[in-house]
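Input: a single structure, listed below in structure tokens.
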Amino acid sequence: EEVADIADLQPGDLVFFGGSRSKDVVGHVGIVTDVDAEGKDFSFVHASRSGVKVDVLSSEYYSKRYLGARRIF
């Protein structure tokens, strides 16, 4: 199910980002680990070329590419 508002995200939700070639097509997926108290930012774990990393939506790279989130039951 779609999670439309960042404030409604929960750990375990999947977050989707546009790829390097097209920001409108999913090219990368992460798993939410934490949502800030104000509901405006979240951290997520994902695989990168250098291994498993934790990043935040507020980073310039990911904020430009964020497409949305889904909750899997």
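- Within the structure, salt bridge (Lys or Arg N to Asp or Glu O under 4.0 Å) pairs that include any residue of residues 38-58 do not occur (at least two apart or interchain).
- Side-chain contact between L67 and V26 is present, with at least one heavy-atom pair separated by less than 4.5 Å.
- Cluster annotation: I72 is not connected to V32 through the hydrophobic network of ILVMFWY side chains, with a link wherever side-chain heavy atoms come within less than 4.5 Å.
- Under the side-chain hydrogen bond (donor to acceptor under 3.5 Å, both in side chains) criterion, D34 pairs with no residue, sequence neighbours left out.
- Cluster partners of V25 are absent, since no Ile, Leu, Val, Met, Phe, Trp or Tyr has side-chain heavy atoms less than 4.5 Å from it.
- Partners of S59 by side-chain hydrogen bond (donor to acceptor under 3.5 Å, both in side chains), not counting sequence neighbours: none found.
- Partners of V45 under the side chain to side chain contact (heavy atoms under 4.5 Å, CB included) rule, at least two apart in sequence or in another chain, are I31, T33, V52, V54.
- The ring pair (Phe, Tyr, Trp, His ring centres under 6.0 Å) pairs that include a residue from residues 18-41 are H28-H46, where partners are two or more places apart or lie in different chains.
- Contacts of S63 classified as side-chain hydrogen bond (donor to acceptor under 3.5 Å, both in side chains), with partners at least two apart in sequence or in another chain: none.
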Which side-chain N or O atoms in residues 1-12 pair as donor and acceptor under 3.5 Å with protein atoms at least two apart or in another chain?
residue, atom, partner, partner atom, Å
D5, OD1, A7, N, 3.0

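- Pairs engaging residues 63-73 under the salt bridge (Lys or Arg N to Asp or Glu O under 4.0 Å) rule: D13-R71, E60-K64 [sequence neighbours left out].
- Among residues two or more places apart in sequence or in another chain, the ring pair (Phe, Tyr, Trp, His ring centres under 6.0 Å) test is passed with Y66 by F17, F42.
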